[in-house]
Protein chains: 2
Amino acid sequence: MSLPHALLTSLIEKPCSGYELARRFDKSIGYFWHATHQQIYRELARMEENGWVSSSEVEGGRAGKKRFEVLPAGRAELQRWAAESAAPLRLRDELMLKLRAEAAIGPLGISEELEKRLHLHEQELANYRTIEERDFNAPSLSRENEIHYLILKAGIAYEEGRIQWTKEALAVIHKLDNNSQTSSR
Amino acid sequence: MSLPHALLTSLIEKPCSGYELARRFDKSIGYFWHATHQQIYRELARMEENGWVSSSEVEGGRAGKKRFEVLPAGRAELQRWAAESAAPLRLRDELMLKLRAEAAIGPLGISEELEKRLHLHEQELANYRTIEERDFNAPSLSRENEIHYLILKAGIAYEEGRIQWTKEALAVIHKLDNNSQTSSR
DNA sequence: CGGACCATGTAATCGGTTACATGATTGC
DNA sequence: GCAATCATGTAACCGATTACATGGTCCG
């Protein structure tokens, strides 16, 4: 399981409250490892039990607000985890299932779905490009930023690949739909 | 949830036993929607309760062997599901988490992991290329095969993109590691 | 006759999702 | 004063993973 290690990494980058962590997640690590606030709170509680992080009430902040910090044991755990090999990534793409259903019992009008996806991928790509310009436009980057840029580039390459493929898929589906129309005349 | 619909599609393509279904899954739909045999058996039982599939003991086969077939209600359900829009795909890539950890507390020797991934992606690509030559090499394809080919091409594009990115990642990591060596002399 | 594989299941656990719930603070 | 947002949680449910369990058949 990787969520606790994602949280450790994020807390090392910057100690903060569970709420802030959830927010930051949405805009960084969440792009490739989504988590809801409930998952995060539960996991933070477990990590505190394990002695990986410590929490302290924030003086002067809102009531009940905690600030989580990574303890040496947490840092050690993160190192241990980073050294073991990651489980191979398993894709789960519902769109491919629908295409397969389209092949089996279609036509089912999959084009709309493809158009929608195309739009989403284009939006996400534009988003990534904005981040790229904003954060990685400097003539030379720190070690940390070089690696963060690398991660972003994985996202960019993925979205670009998907956009290209989706366009091809639309072309094929249109061709097939036209053919079946023609032959049924 | 999509697993039952994946199973319906597969059973429409060819009625079979739960065991065979699990096997076929490994070599087709499983590439983008993995499922264990337990998930499949449980889901088949539920689908039978719902009247989406029917099972019959196979005469002359092994004892207890069942053959599942899709009923009209199952076919209708598959159509209904195909029309609704798919949830946007959420990636979960542990490797990106490790890179982020590498940025925060590295160097941790992420190169080995990247090399391993590169190898896996190259293997998977070779596998897909074999399938491509074997199944989609004809001068003209049926409607069904055109769509199956499209799905395969999504896999091929994904693996190729990953291979390219991983090579870039290795280059960046090596550059960073060498720089830190040089500057510490 | 023994090992590989066919074939189906139960049980326990755990992670992820969703709904519900509460109260404080900031800003209009 | 009221709405939005900050901030933290509980509870229920469901899907996924893993371990365990059973017995038949095919082939050498």
Side-chain angles (χ1 to χ4, degrees), chain A residues 1-7 10-11 15-27 29-30 32-50 53-68 81 86-94 97, chain B residues 1-7 10-11 15-27 29-30 32-50 53-68 81 86-94 97:
Chain A
M1 226 261 304
S2 307
L3 180 57
H5 305 96
L7 298 179
S10 199
L11 285 176
C16 62
S17 73
Y19 188 87
E20 275 167 39
L21 199 50
R23 283 292 134 113
R24 289 213 338 254
F25 237 64
D26 287 345
K27 288 170 196 160
I29 292 176
F32 48 89
W33 202 276
H34 174 79
T36 61
H37 80 274
Q38 292 86 346
Q39 274 177 281
I40 290 173
Y41 282 123
R42 202 199 307 157
E43 208 56 53
L44 283 170
R46 270 182 221 164
M47 285 158 72
E48 195 168 10
E49 272 178 48
N50 291 347
V53 296
S54 69
S55 71
S56 49
E57 293 266 325
V58 172
E59 309 281 317
R62 284 162 200 85
K65 179 172 180 176
K66 294 174 188 172
R67 188 166 163 278
F68 289 90
W81 167 83
L89 174 59
R90 252 172 203 160
L91 288 175
R92 290 221 137 164
D93 196 341
E94 212 179 315
L97 290 184
Chain B
M1 227 261 304
S2 308
L3 180 57
H5 305 97
L7 298 179
S10 198
L11 284 177
C16 63
S17 72
Y19 189 88
E20 275 167 39
L21 199 50
R23 280 295 134 112
R24 288 210 341 253
F25 237 64
D26 289 345
K27 288 170 198 161
I29 292 176
F32 50 88
W33 203 277
H34 174 79
T36 62
H37 79 275
Q38 291 86 345
Q39 275 175 279
I40 291 173
Y41 282 124
R42 201 199 308 156
E43 208 56 54
L44 283 171
R46 271 183 222 165
M47 287 159 70
E48 195 169 10
E49 272 178 50
N50 291 348
V53 297
S54 70
S55 71
S56 50
E57 294 265 324
V58 173
E59 309 281 319
R62 284 161 199 84
K65 179 172 180 174
K66 294 174 188 171
R67 187 164 164 280
F68 289 90
W81 166 83
L89 174 58
R90 252 173 203 160
L91 288 176
R92 293 220 136 165
D93 196 341
E94 212 178 315
L97 290 185

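All figures in this text were calculated on a predicted structure; none of them were measured in a lab.
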### Message
Please evaluate residues Y19(B) and K65(B) with respect to the criterion side chain to side chain contact (heavy atoms under 4.5 Å, CB included), reporting the C-alpha separation (whole Å), side-chain torsions for both, the decisive distance (0.1 Å), and the verdict.
### Response
CA-CA 9 Å; Y19(B) 189 88; K65(B) 179 172 180 174; over 6 Å; no

### For atom NE2 of H37(A) and atom P of dT22(C), their distance in whole Å
15 Å

#### Entry: Length of the line joining R23(A):CZ and dA7(D):C1', which is rounded to integer Å
10 Å

### Query
Are R46(A) and E43(A) ion-paired here, with the side-chain N under 4.0 Å from a carboxylate O?
yes

### Side-chain donor or acceptor of R90(B) paired with backbone N/O of H34(A) under 3.5 Å
no

#### Entry: Rounded interatomic separation in angstrom, taking CH2 from W33(B) and P from dT17(D)
11 Å

### Task
Output the distance between atom CH2 (W81(B)) and atom CE (M1(B)), rounded to the nearest 0.5 Å.
11.0 Å

### Summary
From CZ of R90(B) across to C1' of dG16(C) the rounded distance in Å is 10 Å

### Query
Under the 3.5 angstrom rule, does the side chain of Q39(A) hit a backbone N or O of T36(A) as a donor-acceptor pair?
yes

### Task
Compare all side-chain heavy atoms of W33(A) with those of H5(A) and state whether any distance is below 4.5 angstrom.
no

### Closest heavy-atom pair and its distance - A35(A), I40(A)
CB-CG1, 4.1 Å

### Message
With nearest nucleotide decided by heavy atoms, which residue, F68(B) or T36(A), maps closer to the 5′ end of DNA chain C?
### Response
F68(B)

### For F32(A), side chain to side chain contact (heavy atoms under 4.5 Å, CB included) partners two or more places apart
I29(A), I151(A), M96(B), L97(B)

### Task
With side chain to side chain contact (heavy atoms under 4.5 Å, CB included) as the test, would you mind laying out the steps for V53(A) and L7(A) before giving the verdict?
CA-CA 10 Å; V53(A) 296; L7(A) 298 179; over 6 Å; no

### Message
With a 4.0 Å limit, can you tell me whether K65(B) has a side-chain N or O closer than that to the phosphate oxygens OP1/OP2 of dG9(C)?
### Response
no

## Note on the structure
Expected list for residues 38-47 of chain A near DNA chain D, using heavy atoms below 4.0 Å, is Q38(A), Y41(A)

### Message
Heavy atoms only, 4.0 Å cut-off, all strands: where does R92(B) land among base, sugar-phosphate and nothing?
### Response
sugar-phosphate

### Distance in angstrom units between L7(B) CG and dG15(D) C1', rounded
14 Å

### Query
Where along residues 15-22 of chain A does a heavy atom fall under 4.0 Å from DNA chain C?
none

#### Entry: Out of dT8(D), dG16(C), dA16(D), whichever nucleotide has its closest atom nearest the side chain of M1(A)
dG16(C)

### Query
Between atom NE2 in H5(A) and atom P in dG15(C), what is the gap in whole Å?
12 Å

### Task
Would you mind reading off the distance between K66(A) atom NZ and dA24(C) atom P, rounded to a whole angstrom?
16 Å

